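In the text below, chain A, chain B and the rest are named by the order of the sequence lines, each starting its count at 1. None of the values given here were measured: they were computed from a predicted structure.
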Number of protein chains: 2
Amino acid sequence: MRASSVNQIILKTLEQDQSHLTAQQIYGRIRDNLPAVNQSTVYRALERLAHAGQVSVSDMGLGAAVYEAVGGEQHHHLVCQECNQVITIDDAAIQALFNDIERQHDFQVVTNHLILFGRCSACRERMPE
Amino acid sequence: MRASSVNQIILKTLEQDQSHLTAQQIYGRIRDNLPAVNQSTVYRALERLAHAGQVSVSDMGLGAAVYEAVGGEQHHHLVCQECNQVITIDDAAIQALFNDIERQHDFQVVTNHLILFGRCSACRERMPE
DNA sequence: AATTATAATGCAATAATTTGCAGTTGCAAT
DNA sequence: ATTGCAACTGCAAATTATTGCATTATAATT
């Protein structure tokens, strides 16, 4: 396998699929076309892409991390610990925080997919503390 | 083993140790006193404690997640992807964001230890994009 | 105290992820 | 072309984390 065309293939795979894919799912889809790609190659390519800010990695509290191509508009998620509901929130507030951090700490945030765990309104009503 | 005294033992272990411990390290320390505790019990106890907001779980980009007792003052971290430097930041800005989210989405954030990846100032100078 | 329900545990199997190391590949400079 | 170096890959082993199921413990109820 030609070195690092894997990056491109993974990116294309993620772009076709809008939803969050696990490393194993990505591995599976790539295998369909290129049987001769190893698992750790996929993990390492994903790591490179995440590092470069081209894909996001998120632990949504499922067994496995999920990956996604970073497109124009970012989004983030609130995950309810009780009912597992996933709420998508837009980037404005988060970007503002990141800008603050960048100014205060001179630190360029690359994290591009934030997952915040907690309790949704329905679950709070259903079972108040 | 008396059910769920494990919770207390883990909490005590984490409180004694200020630093971030991995599940394996916690497992190791508990074994010293209580050989008859299983790995999955430790993982499950940590999960419970995290869910209850008593300990924080963070993937700092090392191989394993790290756990910490949640004390009075929260803190969060910026982790440089290049040099692995860990910058500790205080809670104020983050809490403000969480409050916003709580107001806008009626969602109570439990996440209590945020890790943001990016590039520290030194590395940005050393290797500008 | 006996009875039920609910939650916690151990164990073993499985899944997900990481790592070490040797071998390839791509690329730039001879 | 050849050399040298850094990045990428495959493979296998090791680590880290999760899960299913039978058993045991705790708690609540009668």
Side-chain angles (χ1 to χ4, degrees), chain A residues 1-14 20-31 33-52 54-68 79 81-82 84 113 115 117 126-127, chain B residues 1-14 20-31 33-52 54-68 79 81-82 84 113 115 117 126-127:
Chain A
M1 165 90 307
R2 182 143 140 269
S4 209
S5 56
V6 178
N7 276 25
Q8 301 312 312
I9 295 167
I10 288 184
L11 258 188
K12 198 158 289 179
T13 303
L14 286 176
H20 310 105
L21 296 180
T22 68
Q24 298 296 328
Q25 290 173 320
I26 296 166
Y27 180 43
R29 304 203 182 188
I30 289 179
R31 278 204 100 128
N33 312 336
L34 299 167
V37 176
N38 192 273
Q39 245 195 6
S40 32
T41 300
V42 173
Y43 278 102
R44 286 191 274 224
L46 285 169
E47 193 184 334
R48 279 198 301 272
L49 289 167
H51 185 276
Q54 298 184 269
V55 316
S56 66
V57 201
S58 325
D59 176 2
M60 309 252 291
L62 316 166
V66 293
Y67 297 82
E68 196 173 16
V79 177
Q81 289 181 327
E82 312 299 340
N84 296 309
H113 200 192
I115 306 292
F117 293 94
R126 197 157 41 66
M127 40 189 287
Chain B
M1 165 89 305
R2 184 143 140 269
S4 207
S5 59
V6 177
N7 276 26
Q8 301 313 313
I9 295 167
I10 288 183
L11 257 187
K12 199 158 286 178
T13 303
L14 286 175
H20 310 105
L21 296 181
T22 68
Q24 299 295 329
Q25 289 172 321
I26 296 166
Y27 180 42
R29 304 205 181 187
I30 288 180
R31 279 203 98 130
N33 313 335
L34 300 167
V37 176
N38 193 272
Q39 238 195 358
S40 34
T41 300
V42 173
Y43 277 102
R44 287 192 273 226
L46 285 169
E47 193 184 333
R48 278 198 301 272
L49 289 167
H51 184 276
Q54 297 184 269
V55 316
S56 66
V57 201
S58 327
D59 178 3
M60 308 252 291
L62 316 166
V66 293
Y67 297 82
E68 194 173 16
V79 177
Q81 289 180 326
E82 311 301 339
N84 296 310
H113 200 193
I115 307 292
F117 294 94
R126 195 156 43 65
M127 42 188 288

- [ ] Ignoring backbone atoms, establish whether B:T41 has a side-chain N or O less than 4.0 Å from OP1 or OP2 of C:dA8.
- [x] no

Task: Nearest-angstrom distance from the residue atom CG of B:N38 to P of D:dT24 - done: 15 Å

- [ ] Quickly work out the A:L21 CG to C:dT17 P distance and round it to whole Å.
- [x] 13 Å

Task: Protein proximity profile, nucleotides 14-22 of chain D - base contact B, sugar-phosphate-only contact S, no contact -, cut-off 4.0 Å on heavy atoms - done: --SBBBB--

Task: Nucleotide C:dA8, atom P - distance to CG of B:L46 in whole Å - done: 14 Å

Task: Spacing of NE2 belonging to B:H20 relative to CE belonging to B:M60, to within rounding of 0.5 Å - done: 5.0 Å

Task: Atom pair CG (A:D59) and CZ (A:F117), whose distance is rounded to the nearest 0.5 Å - done: 5.5 Å

Task: B:H51 side chain to A:E82 side chain, donor-acceptor N/O pair below 3.5 angstrom - done: yes

Task: Spacing between A:I30 atom CD1 and D:dG10 atom C1', to the nearest angstrom - done: 15 Å

Task: Smallest separation among heavy atoms of A:T22 and A:Y67, with atom names - done: C-CD1, 4.3 Å

Task: Pairwise distance CD(A:Q54) to CD(A:E68) - rounded to 0.5 angstrom - done: 14.5 Å

TODO: Could you grab the distance from atom CD of A:E47 to atom OG of A:S40, nearest 0.5 Å is fine?
DONE: 11.5 Å

Task: Inter-residue atom distance A:N38.CG - A:R31.CZ, 0.5 Å rounding - done: 8.0 Å

Task: Net bend of the helix from C:dA1-D:dT30 to C:dT30-D:dA1, end axes of five pairs each, nearest 10 degrees - done: 30°

Task: Shortest non-hydrogen separation from B:A50 to A:Q81 and the atoms involved - done: O-NE2, 4.4 Å

Task: Whole-Å distance separating the CZ atom of B:R48 from the P atom of D:dT26 - done: 13 Å

- [ ] Take atom CD1 of B:I9 and atom P of C:dT9, then tell me their distance rounded to the nearest Å.
- [x] 10 Å

Open item on the list: Within this structure, what is the CG-OG1 distance for the pair B:L46 and B:T41, rounded to the nearest 0.5 Å?
Closed with: 10.5 Å

- [ ] Rounded to the nearest angstrom, tell me the gap between atom NE2 in B:H51 and atom C1' in C:dA7.
- [x] 14 Å

